[in-house]
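If you're wondering where the values come from, they're calculated on a predicted model, not measured in any experiment. Below, read A as the first sequence line, B as the second, and so on, with proteins coming before strands; counting in each chain starts at 1.
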2 protein chains.
Amino acid sequence: MSRKEQIDQVATSLFKSRGFAATTMRDLALELGIEAGSLYSHIKSKEDILQRVCFKMADEFNAAFDEVKNQDVPPSEKLRLAIAAHVRVLTKNPPAAGVFLNEWRHLSEPSLSKFHEMRFQYEESLREIVRAGMATGEFKVNDEKFVVLTLLSSLNWLHMWYKPEGKMSPDDIAEFLSNLLLNGLKHF
Amino acid sequence: MSRKEQIDQVATSLFKSRGFAATTMRDLALELGIEAGSLYSHIKSKEDILQRVCFKMADEFNAAFDEVKNQDVPPSEKLRLAIAAHVRVLTKNPPAAGVFLNEWRHLSEPSLSKFHEMRFQYEESLREIVRAGMATGEFKVNDEKFVVLTLLSSLNWLHMWYKPEGKMSPDDIAEFLSNLLLNGLKHF
DNA sequence: CAAATTTGCTAACAGGCGTTCGGTTTAGTA
DNA sequence: TACTAAACCGAACGCCTGTTAGCAAATTTG
């Protein structure tokens, strides 16, 4: 792993636990055992790090979802696959997921607009699945926007809790959450 | 409304949109049309504001839940009531809810520990309802911790989206979310 | 009206911030 | 061994931060 990647990784962990604004370059340097100024041999700026982390995660979410998108399965099954893909990315690198989900607002333009756009597209793809399920009558709801927002927010707390050494694998978690969202507590 | 309350309110709105660390006392003063130093005739410190907002919201959540706690109804109905209470508090003051949910980590000790403790108690009360539902067989799940975390995170995005002038009332929203969580997309 | 209290301004403080820069050490290569 | 390039240091920069102090209006109270 290059020094730059190492910086990104340590920074990600600090950004997640303390927040971007509350993490200083001196904190970061201390964690790496070097001086603050030395960081600038490897990175362009503090926000430079944030951008890399955010857009790398965005790419991973998109890549995972692309494998689901065009499969020829019923909407409910496709939603299961999308949930599993989302959970897999979320649990693969929880600190980065935390930064992606909570620190993106510290991006400045034009990165911020680009980020918004990518997220909108991702959410729109999910809404399409829900709309398809409504059309076939599989999903008994009538507000796909609301459903998708609830869906995402019910998944996006995972990074705060998931531990690789825990007893549930990412796929176990995805199955649990799929059952909960599709069938509810009562018909689980 | 006293000047102090006005400061808290404006600060809440800024803390929510920019984050606590990224909001300066000079920003806040500008918004109020005064100088930064003048704020200190009314408040003790920046964190002083954050503490008031966080603990006031915590009190409101607890108060709303206390009215549900001891009602003699089946667990699924009690969960519906708890969700409705939670949603009501969340939508009553969305900016304050946003600060409560996202900015609490900038509290310093001993406030931070007190906050953690209060949140644990709140979550524990919800877990008790779910456990009761598992015992009666009403809820077909076996991991109340996981369920409660999912439940809360599926509610706690609301403050980002809810607008009082929107077409759904807090009770409409609560009903929608209760149906989704109890019955799922398929049996909605 | 007079006294007291609230509210606000101005200026400054001490420290922290991200970042820059010239020079030095280290590691790799031929 | 001699050269090159990457990695790092240490000091400094200009700016921003929360907060304080002394003083002046404004407002409320008796």
Audit row: B:Gln121, B:Glu117, side chain to side chain donor-acceptor pair (under 3.5 Å) steps and yes/no: CA-CA 6 Å; B:Gln121 285 304 331; B:Glu117 171 63 19; 3.3 Å; yes
Rounding to a whole Å, what distance do you find between A:His42:NE2 and C:dT19:C1'? 15 Å
A:Ile43 CD1 to C:dG18 C1', in whole Å, measures 10 Å
Numerically ordered, the residues 21-31 of chain B set in heavy-atom contact under 4.0 Å with DNA chain C is B:Arg26
List for me each residue that meets side-chain contact (heavy atoms from CB on, under 4.5 Å) alongside A:Glu67, sequence neighbours excluded, and say none if there are none. none
Just do the ring pair (Phe, Tyr, Trp, His ring centres under 6.0 Å) check on B:Trp157 and A:Phe146 with the steps written out, would you? CA-CA 11 Å; B:Trp157 59 276; A:Phe146 199 97; 5.5 Å; yes
Among residues two or more places apart or on two chains, list those pairs meeting salt bridge (charged side-chain N to carboxylate O under 4.0 Å, His left out) that have a residue in residues 15-39 of chain A. A:Arg18-A:Asp27
My understanding is that only residues two or more places apart in sequence, or in another chain, count here; which of them pass ring-ring contact (aromatic ring centres under 6.0 Å, His included) with B:His106? B:Phe20
From NZ of A:Lys46 over to C1' of C:dT19, roughly how many Å is that when rounded to an integer? 12 Å
Close approaches to DNA chain C from residues 6-19 of chain B, in residue order (heavy atom, under 4.0 Å): none
Name every donor-acceptor pair, under 3.5 Å, that has one atom in a side chain of residues 159-167 of chain B and the other anywhere in the protein, sequence neighbours excluded.
residue	atom	partner	partner atom	Å
B:His159	NE2	B:Asn156	O	3.4

If you group Ile, Leu, Val, Met, Phe, Trp and Tyr whenever their side-chain heavy atoms sit less than 4.5 Å apart, what else falls in with A:Phe120? none
Using ring-ring contact (aromatic ring centres under 6.0 Å, His included) as the criterion, list what pairs up with B:Phe61, not counting sequence neighbours. B:His86, B:Phe100, B:Tyr122
Taking heavy atoms of chain A and a 4.0 Å limit, find me the 5'-most and 3'-most nucleotide of DNA chain D within that range. D:dA7 to D:dA12
Do the charged groups of B:Asp48 and B:Arg52 touch, with an N to O distance under 4.0 Å? yes
Gap between atoms CG and P, on B:Leu32 and C:dT7 respectively (whole Å): 13 Å
Under a 4.5 Å cut-off applied to non-hydrogen side-chain atoms, are B:Leu158 and A:Leu149 in contact? no
Other ILVMFWY residues reachable from A:Val73 by side-chain steps of under 4.5 Å: A:Val68, A:Leu81
State whether a side-chain donor-acceptor pair under 3.5 Å links B:Glu47 with B:Gln51. yes
Taking transitive links into account, so neighbours of neighbours count too, which hydrophobic residues share a cluster with B:Leu30 at under 4.5 Å side-chain distance? none
Mark up nucleotides 21-27 of chain C, 5' to 3', with B wherever a protein heavy atom is under 4.0 angstrom from a base atom, S wherever such an atom reaches only the sugar-phosphate, and - elsewhere. -------
